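Remember, it's 1-based here, ligands and their atoms both numbered in the order they're listed. Just so we're clear, the structure is a prediction, and the values are computed from it rather than from any experiment.
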Amino acid sequence: MSKAAKVVAALKVEELTERQARGEHKRLADEIGHHDKLYHEKDAPEISDADYDKLRQRLKAIEAKFPQLVDMFSPTQRVAPTPTTAFTKVTHRRPMLSLDNAFTDEELQGFLDRVRRGLERETDLTPDAEIAFSCEAKIDGLSISLRYENGEFVQGATRGDGTTGEDVTANLKTIKDIPQKLKGKGVPSSLDVRGEVYMERKAFLELNERQVAAGEKAYVNPRNTAAGSLRQLDPEITAERPLRFFAYAWGEAEPRSWKTHSEYLKMLKEWGFKTNPLTRLCRTGDAVRAFYRKIGEERPDLPYDIDGVVYKVDRIDWQERLGFVSRAPRWAIAHKFPAEQARTRLNGINIQVGRTGALTPVAELEPVNVGGVVVARATLHNADEIERLDVRVGDMVTIQRAGDVIPQVLGFVPEERPKSARKYHFPTHCPCPLKTEVKAGEGGVVRRCSGGLECPFQQVERLRYFVSRNCFDIEGLGGTHIENFFEDGLLKTPADIFRLRDKEREIRKREGWGDLSVRNLLAAIDARRTISLDRFINALGIPLIGEATAKILAQEYGDADVWLTEMLKAARERKKAPDDVKKEKAAAEVGESYGRLCNVEQIGVTTADAMCAFFGEGHTVDIIKDLLKQLTVEAVKRRVVAADAPLKDKIVVFTGELSTMTRDAAKARAEELGAKVTDSVSKKTSLVVVGENAGSKARKAAELGVQTLTEEEWAKLSA
Ligand code: IVH
C-alpha cells in the first residue's frame, strides 16, 4: 500500500472525501476479492473471519455514505466467487443466498426493528403483536443443496456463487447424516434440502495428524477440512473423512405443506435428517438476546465450531412479504460471535522463511485449548508486530483462533509477566545456511533473506508451492516429502521432480516407501507432465503473481513460448529504463513488451516490475527452460465471440437490485451472449437493465435515451 493509501485506510468513513472514498472502496473491494478467493476456492484463508467482516463492514459503510460507488463488481453485490471447474456445474433451482451479519446489540436491534416496520407496512401486524423467530446456532461449515425427487436423493451441489455450484453428489453419498431415501409423511415430490456440511473438532485434529504424518499440508481448521474433503475428486477419500450434516433450509419444495420454519425443521427430522439441537423459537427481543448469550456460553464445549446465531422470521408468509435484498433475505440475520480467545505461555519465537524469503516470526506456545482446538503455535506476523505488542519470551499471552485461520497473538498479560521474560531480538541474519543479512522489504515491514534463489530454505518453500493444490497438484508428494527429498539431494529444482523416475531405486530404499507408493508417486508426477499455462505461471511462484493474475496472463499471451519471450524482452527493456515509470507511458518510454505487460488487466507498474526483476535473473531463466523440457504446456483457448452472438458488440449496464439472479450470473449471461458489460452509462451504452431501487444510472439512461429493460424483460431476452 502507498503511504497515501495507508493514511486513508486509517481515517474514519465519516472523514473521507469522495475522492479518498473512491480509492479506499477500490482497495477494499480488491482485498475482499482476494480473500474470497482464498476462502472459497483454495479453502485456505489468510485472515480471520472477524478481520474479513471488518473489511466488509467498512466497505458497506463507504457505500452507504457514497452510494455512487456501488457497482456490480462490489463484493456487496455478489455472494461468492465463481466455482473452479473440476466438478460439473449445477445451476440451483432457487439461488442459494447468504446472510447479512450483525455484530453488536445495536445491529441486532436494527434488524428486529426493520422486520417489525416491514411487516407493519406489508401486513396487518399491529404494533404490539409478537413476531416469532427461529433462533439457531450458525454452524461453521459449508452450505450445500441436496435434491430429492419423490423422496430419493438424486443430486447434491455446493453453493458456489449462489447461482451455480459444483456437483458433488458422489462425495455427499458417503456422508451418513444424509439420507438416501426420505421416510415419513409430507415429503414434497420435488425438494431441495439445504444445510451445512461440517467436521467435528476431534475428527479434524485426528485427520490433520494423519495428514501431516503422510507429508501433506495440515488444514487450518475444521471448516476448511470439511470443504477440502468434500471437493476431493475421489469419493473414496471423502468417505474416509468423517463429515457430518445439519439440515436447516430449503430451495425448491413442491408441494410445500409447512407454514412456518419451525414446522419445517420438525418435518426434516421425521424425514431422517439431523437438525441442530441448539434451536429455539423466541418471541421477544429479550428472548433472542438470552438465546445468543446462552449459545455463546456453550460454544467452547460444543463438539463442532459455530460462529454465531441465525435468527429467522418463523412464519413463511411473512418471510415472503419481507423478501430479499440483492444477496440476503430481509427476514433473517446472522448474529456473529467474537473470535475465540485463550491465555497461554509464550515459550519461544521461531523464524520461518517463506518462498520469497520473507521472515515470519512464529510463537511457540504451551499447548492450549482454544474453543475446542488445541493450539501450540501462532503467528506474530513480523518484527514490527512484536515491537508493537511488546511480547517477550516467557510472557503469558492472549491468543485468538478466529474459527478459521492460523491463530494470532493478541498481546501479553501485564500482571503475569515474569521477571525472567526476555525481549526478543529479531535476527539480523537469516537462519538459513547462507546466513545472509536480513533486509527490510517493501514498506519496511517485511524482512527478507537476501539469499534469493540460492537460499535452500526458499528453494524448499518454492518446491512445496510448486506441487501444491493450485499449482501442479501432485498427489502423494507433500511438503514433508519435498523437504526430505531436498535434504538428501534427490530434488533441487522443479525440473528434478520430473526426473525422479531416474531415482526410483533410491526412493524405494527410503523408509516408508513401498513398491506401490513409489509407483503411485511416479504415476502422479507423469499425470502432470501436461499442464495449463495459468497453472504453470502460478507454480513459478513469481512475487505478486497469484492464481488470478496467472489466469489473466495466460489469457493475454496464450502460449508458454510467447509468454516467456515477452517476459524476457520486458525484463531487458526495464533494465535500461529509469526507475520511475508511468503505466500510460510505459510502451513509449520503456519498450513495447514492458508496455504490453503493464497494461494487462490488473497488472500495472508494481507487478510488472516484480515480473521483470524475476526474469532479470539469469539463473531463473535457466531453471524455467530446464523445466519446460520436461513439460507440455497447453496453449489457451481464447474466448471468442461468435459472429452471430445475439448481443455481439452491445454494451450492457446492470443497475439496481436484481431479485431472481445475482449480478455475477446476469453479467456472465450477458457476456455469453456476446455483450460487453460495463459499469457506467454513456452514449455508447446499448442497454441498461434496471433492477429495484435503481438510482442515478437509470436516470442517466433516460436522459440519454438509452434503451432500458426491467429484470423480467432481461430474463426473457436472455433466456
Ligand atoms: S440459513 C437464506 N441457517 O451461514 C438463508 N445458514 O452466512 C440461508 N449457516 O450460507 C442460510 N448455519 O452456510 C442458515 N442455521 C443456519 C446456518 C446457516 C450456518 C451458514 C450457511 C450460510 C451462511 C451465511
>> Can you confirm whether V309 sits close enough to K138 that some side-chain heavy atom of one is under 4.5 Å from a side-chain heavy atom of the other?
In response: no
Among all protein heavy atoms, pick out the one at the shortest distance from [atom]; state its residue, atom name and that distance to 0.1 Å.
atom                    : answer
atom 8 (C) of ligand 1  : L97 O, 4.3 Å
atom 5 (C) of ligand 1  : L99 CD2, 3.6 Å
atom 2 (C) of ligand 1  : P329 CG, 3.7 Å
atom 20 (C) of ligand 1 : E196 OE1, 3.5 Å
atom 12 (N) of ligand 1 : I139 N, 3.1 Å

Looking at [Y], is its backbone amide N or carbonyl O close enough to the side chain of [X] to form a donor-acceptor pair, meaning the two atoms are under 3.5 Å apart?
X    : Y    : value
K183 : E270 : no
R256 : W258 : yes
R116 : P127 : yes
R201 : L302 : yes
N171 : L230 : yes

Does the distance from a Lys or Arg side-chain N to an Asp or Glu carboxylate O, for D286 and R289, drop under 4.0 Å? yes
Answer with yes or no whether [X] contacts ligand 1, where contact means a heavy atom under 4.0 Å from a ligand atom.
X    : value
K312 : yes
A332 : no
R159 : yes
A137 : yes

Honestly, for A249 the part within reach of ligand 1 (heavy atoms, under 4.0 Å) is neither
At under 4.0 Å between heavy atoms, what of K138 touches ligand 1? The answer is both
Taking distance alone, with no angle check, do E136 and ligand 1 share an N/O pair under 3.5 Å? yes
Margin query: Angle between ring planes, Y292 versus H335, binned at 30° and 60°: parallel, tilted or perpendicular?
Written below: parallel
When rounded to the nearest 0.5 Å, the distance separating CD1 of I139 from CG of D307 is 9.0 Å
If you compare F246, Y198, Y248 by their heavy atoms, the one closest to atom 17 (C) of ligand 1 turns out to be Y248
